[in-house]
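What follows is a set of notes on a single structure, which appears directly below.
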Amino acid sequence: GAGVSQSPSNKVTEKGKDVELRCDPISGHTALYWYRQRLGQGLEFLIYFQGNSAPDKSGLPSDRFSAERTGESVSTLTIQRTQQEDSAVYLCASSLYRNSNQPQHFGDGTRLSIL
Amino acid sequence: AQKITQTQPGMFVQEKEAVTLDCTYDTSDPSYGLFWYKQPSSGEMIFLIYQGSYDQQNATEGRYSLNFQKARKSANLVISASQLGDSAMYFCAMTNRDDKIIFGKGTRLHILP
């Protein structure tokens, strides 16, 4: 498709399990971003990639969170030993390149529910 | 420290009226970008409009315009002739050369028929 694609769209899992969220950016977009949005809240920036590199990982909430990107394309966000407070919508966005004037194009998100 | 403030958690506006959604920001970087996004109840984030810190004119995109007042550090979104489909959450966001991207807490807009 032409837009940012995220999978799964919904994920329900038990506390303590690991989850992996996937993002396919728009083809040709070099910058990729991950955000978390808790219910009724704004977006919390997690991490961004320029190409396959993540210059700043300070937005990740804890060491249970990690992300990687390969081939300057698909990215995965992994949450290990999930906790109930990890329940949120995880949004991925991409932009043509990392620059302050580039709009980000968002996927529909993955709604993660931790039981 | 960078900050985006949206002071209106919710607004109710009559259809066809103009709407102004407030956004103020704080940054020490002279180069930055300001964005507005719309998030309908379906959840997707839709890019609306962009204003660069060095842009001389206010940005406009169809019914959307950005009232950029640099000295006051405000970047209010104006929606002209509001429609029922404009009901959504609206987020103001800022980026700068530090590669930090921050969003405001949002304003929920309700358009009344």
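Small disclaimer: the values here were computed from a predicted structure and weren't measured. All chains are named by letter (A, B, ...) in the order of the sequence lines, taking the proteins before the strands, and each is independently numbered beginning at 1.
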One should read off an interatomic distance between B:F68 CZ and B:Q56 CD, to the nearest 0.5 angstrom, of 9.5 Å
Using distance alone, with no hydrogens and no angle criterion, decide if A:Y35 and A:Q104 have a side-chain donor and acceptor under 3.5 Å apart.
yes
For the interface with chain B, which of A:D108, A:V89, A:L91, A:L43 has the highest count of heavy-atom pairs at distances below 4.5 Å?
A:L43
Give, as side chain, backbone, both or neither, the part of B:Q51 having an atom under 4.5 angstrom from any heavy atom of chain A.
neither
Does A:N10 offer a backbone N or O that forms a donor-acceptor pair with the side chain of A:R111 under 3.5 Å?
no
Provide the closest heavy-atom pair for A:V4 versus A:C92 in the form atom of the first, atom of the second, distance.
CG1-O, 4.0 Å
At a heavy-atom distance under 4.5 Å, which candidate from B:M89, B:Q39, B:R108 has the highest pair count against chain A?
B:Q39
